[in-house]
There are 2 protein chains.
Amino acid sequence: MATHQNTARDPQQRTAPPPGAQVPNDGSGVAECRQVLQIISLVGNKWSILVIGHLRDRTLRFSELHRAVDGISQRMLTLTLRQLERDGLLTRTVHPTVPPHVEYALTTLGTTLLDSVATLGRWATTHRQEIDDNRLHYDTAHSARTPT
Amino acid sequence: MATHQNTARDPQQRTAPPPGAQVPNDGSGVAECRQVLQIISLVGNKWSILVIGHLRDRTLRFSELHRAVDGISQRMLTLTLRQLERDGLLTRTVHPTVPPHVEYALTTLGTTLLDSVATLGRWATTHRQEIDDNRLHYDTAHSARTPT
DNA sequence: CGGTATCCAGCCTGATACTG
DNA sequence: CAGTATCAGGCTGGATACCG
């Protein structure tokens, strides 16, 4: 949604953070949603969260991540990794060997983020069934347009 | 990303929840990311979180929401509202008056979600500056490709 | 092995117009 | 006022090919 990765160009062009709007909130206010949007845009890359999730316990190499995430393309992995690196969520360590070795490790910031999304994860786990149930109910009530 | 709202058609076609993969996690595990993805897809609609955020304190009518969210198109508002309603995050109450009155109210489920995203909101607020700093640092170090 | 650049398809999004 | 339908555009994301 604001992930700047169209064709791997202008990597910072879209970051247009308008100043002001700095209100003391508890984190769930209306004005705070904007902040959250940034984060969910950051994490809502669909791959970002997967990547940092895999990086949670140990550092991984590029190909290891490529295998681990399973389904991500090389392009998206690179893009995601670079963005995450840019945001300071992970570090990229290049070992100048003949076959290049690149290690990706989660930073403290990344760990804290993972910890925060864990809250959402718990909510998801807790209410997934409920939501699924609601959807089914809703869909049933709306697809019942063939009576008589 | 998985928001099913292409042209207001097949509202439940994409919900392909494969069974299994039910592991007891703490909410931050790798396998748990899938669950979170559903939620951030649910909330990452960019408008969804804004809408439920505005609905947090009081119920609102369609046009009120339209004005409040400011920037959302009628189409997206409707789509978002219907999705949220489908998921059981809010209720839609139609008052059969001559000028149609439709009230949207957050459900308990919606409130709990809002509470969970508040955690992310707090994280965002806390580390926004840090991330911004990291980005600037990263961009600076990478745009310094014009020496000599 | 790690990464970049290009091409291309699909989806999301927004604007507009019309109906009840 | 509330909502639906249609059209057009922008962005995201995947596959492929090639470089260091």
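In what follows, every heavy atom counts, from backbone to side chain, and hydrogens, waters and symmetry copies are set aside. Order of the sequence lines fixes the chain letters, A, B, ..., with proteins taken first and strands second; residue numbering starts at 1 for each chain.
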Item to complete: To the nearest 0.5 angstrom, please state how far the OG1 atom of B/Thr80 sits from the CD1 atom of B/Ile72.
Response: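 These two atoms lie 4.5 Å from each other.
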Counting only side-chain heavy atoms from C-beta out, which of [options] sits nearest to [X]?
{"X": "A/Arg61", "options": "D/dG14, C/dG14, C/dC1", "result": "C/dC1"}
{"X": "A/Val102", "options": "C/dG3, C/dC1, D/dG3", "result": "C/dG3"}
{"X": "B/Pro100", "options": "D/dC1, C/dT13, D/dG3", "result": "D/dC1"}
{"X": "B/Ser63", "options": "C/dG2, C/dC1, D/dC1", "result": "D/dC1"}
{"X": "A/Arg75", "options": "C/dT6, D/dC1, C/dT13", "result": "C/dT6"}

Worksheet item: Would you say the base of C/dG3 and the side-chain of A/Gln74 have a donor-acceptor pair closer than 3.5 Å?
Response: yes
Discussion item. So, does B/Tyr104 get its side chain near the phosphate of D/dC1, meaning an N or O under 4.0 Å from OP1 or OP2?
Written reply: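 False: B/Tyr104 side-chain N/O out of range (4.0 Å or more) of D/dC1 OP1/OP2.
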Practice prompt. Look at the side-chain N and O atoms of A/Lys46 and state whether any lies under 4.0 Å from the OP1 or OP2 oxygen of D/dG14.
Written response: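 Indeed, a polar side-chain atom of A/Lys46 lies that close.
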Worksheet entry | A/Phe62 side chain reached by A/Leu77 side chain, heavy atoms, under 4.5 Å |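 In contact.
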Nearest-Å distance, [atom1] ([X]) to [atom2] ([N])?
{"X": "A/Leu79", "N": "D/dG13", "atom1": "CG", "atom2": "P", "result": "9 Å"}
{"X": "B/Asn45", "N": "C/dT13", "atom1": "CG", "atom2": "C1'", "result": "11 Å"}
{"X": "A/Met76", "N": "D/dC11", "atom1": "CE", "atom2": "P", "result": "15 Å"}
{"X": "B/Leu81", "N": "D/dT4", "atom1": "CG", "atom2": "P", "result": "10 Å"}
{"X": "A/Leu65", "N": "C/dG3", "atom1": "CG", "atom2": "C1'", "result": "14 Å"}
{"X": "A/Leu50", "N": "D/dG13", "atom1": "CG", "atom2": "C1'", "result": "15 Å"}
{"X": "A/Leu77", "N": "C/dT4", "atom1": "CG", "atom2": "C1'", "result": "13 Å"}
{"X": "A/Glu85", "N": "C/dT4", "atom1": "CD", "atom2": "C1'", "result": "15 Å"}

Worksheet item: Which is true for B/Thr78 with a 4.0 Å heavy-atom rule: it touches a base, it touches only sugar-phosphate, or it touches nothing?
Response: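 If one applies the 4.0 Å heavy-atom cut-off, B/Thr78 turns out to touch a base.
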Discussion item. Are A/Val102 and A/Leu55 connected into the same hydrophobic cluster when the rule is that any two of I, L, V, M, F, W, Y join if their side-chain heavy atoms are below 4.5 Å apart?
Written reply: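 In one cluster: yes.
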Worksheet item: Only one of B/Thr119, B/Asp115, B/Thr112 forms a side-chain hydrogen bond (donor to acceptor under 3.5 Å, both in side chains) with A/Trp123, so which one is it?
Response: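 Among the candidates, only B/Thr112 passes.
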Discussion item. Could you work out, with ring pair (Phe, Tyr, Trp, His ring centres under 6.0 Å) as the rule, every residue matching B/His54, not counting sequence neighbours?
Written reply: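 B/His54: no ring pair (Phe, Tyr, Trp, His ring centres under 6.0 Å) contacts found.
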Worksheet item: So which one's nearest nucleotide on DNA chain D is more toward 5', B/Arg67 or B/Arg82?
Response: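 Looking at the nearest nucleotide for each, B/Arg67 comes out on the 5' side.
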